[in-house]
Amino acid sequence: QVQLVESGGGLVQPGGSLRLSCAASSMFNFYAMGWYRQAPGKQRELVANIISGGTTNYADSVKGRFSISRDNAKNTVALQMNSLKPEDTAVYYCNADARGMHYWGKGTLVTVSS
């Protein structure tokens, strides 16, 4: 059973930065790894992901502010979040896609507030 362990969430002021990290317990070569988020009362949405070949995808709302990176040797994925806005407040979930089998972390809360 694959476990994904997230770290790095917390409280930050608008305009600030946070870095989320996620480590997989398995060295399985996942097709994609990424981050989703779910705000109160809203559906879970893709924030960013990175395919094994290096292609990245970002939600329009975070383009230019967030950057995703992946270390295939360590099976980790990180999300650098800059210029944070109150609307970025959500629980962020790490995701690993094994081509149809999805694995999820427990989530880490990011709160952007003054």
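Keep in mind it's a predicted model, so treat the numbers as computed, not measured.
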Going by heavy atoms in the side chains, are [X] and [Y] under 4.5 Å from each other?
X      : Y      : value
Arg44  : Trp104 : yes
Leu11  : Ser113 : yes
Val110 : Leu20  : yes
Arg37  : Leu79  : no
Ile50  : Trp35  : no

Treating [X] as the side-chain partner and [Y] as the backbone partner, does any N or O pair qualify as donor plus acceptor under 3.5 Å?
X      : Y     : answer
Glu6   : Cys94 : yes
Asn75  : Ser26 : yes
Tyr58  : Ile68 : yes
Thr108 : Tyr92 : no
Arg65  : Ser83 : yes

- Message: Hydrophobic clustering (ILVMFWY, side-chain heavy atoms < 4.5 Å, transitive) - are Tyr36 and Phe66 grouped together?
- Response: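 No, separate clusters.
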- Query: What about Met101 and Met33, same hydrophobic cluster or not, with Ile/Leu/Val/Met/Phe/Trp/Tyr joined at side-chain heavy-atom distances under 4.5 Å?
  - Reply: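 Yes; tracing contacts between hydrophobic side chains, which count when under 4.5 Å, links both residues.
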- Item | Salt bridge present between Asp60 and Lys63 (N-O < 4.0 angstrom) |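 Answer for the salt bridge query: yes.
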Where do [X] and [Y] come nearest, in terms of heavy atoms and distance?
X      : Y      : result
Phe30  : Arg70  : O-NH2, 2.6 Å
Ala90  : Leu109 : O-CD1, 3.6 Å
Ser114 : Pro14  : N-CD, 3.7 Å
Phe28  : Ala98  : CE2-CB, 3.5 Å
Leu18  : Leu84  : N-CD1, 3.8 Å
Ala32  : Ile51  : CB-CD1, 3.7 Å

- Hey, could you give me the OG1/CD distance between Thr111 and Gln13, rounded to the nearest 0.5 Å?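 Nearest 0.5 Å value for the OG1-CD distance: 13.0 Å.
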- Query: Can you tell me how far the CD atom of Gln3 sits from the SG atom of Cys22, to the nearest 0.5 Å?
  - Reply: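 Separation between the atoms: 11.0 Å.
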- Atom CD of Glu87 with >12 non-hydrogen neighbours under 6.0 angstrom: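 Check passes, neighbour count above 12.
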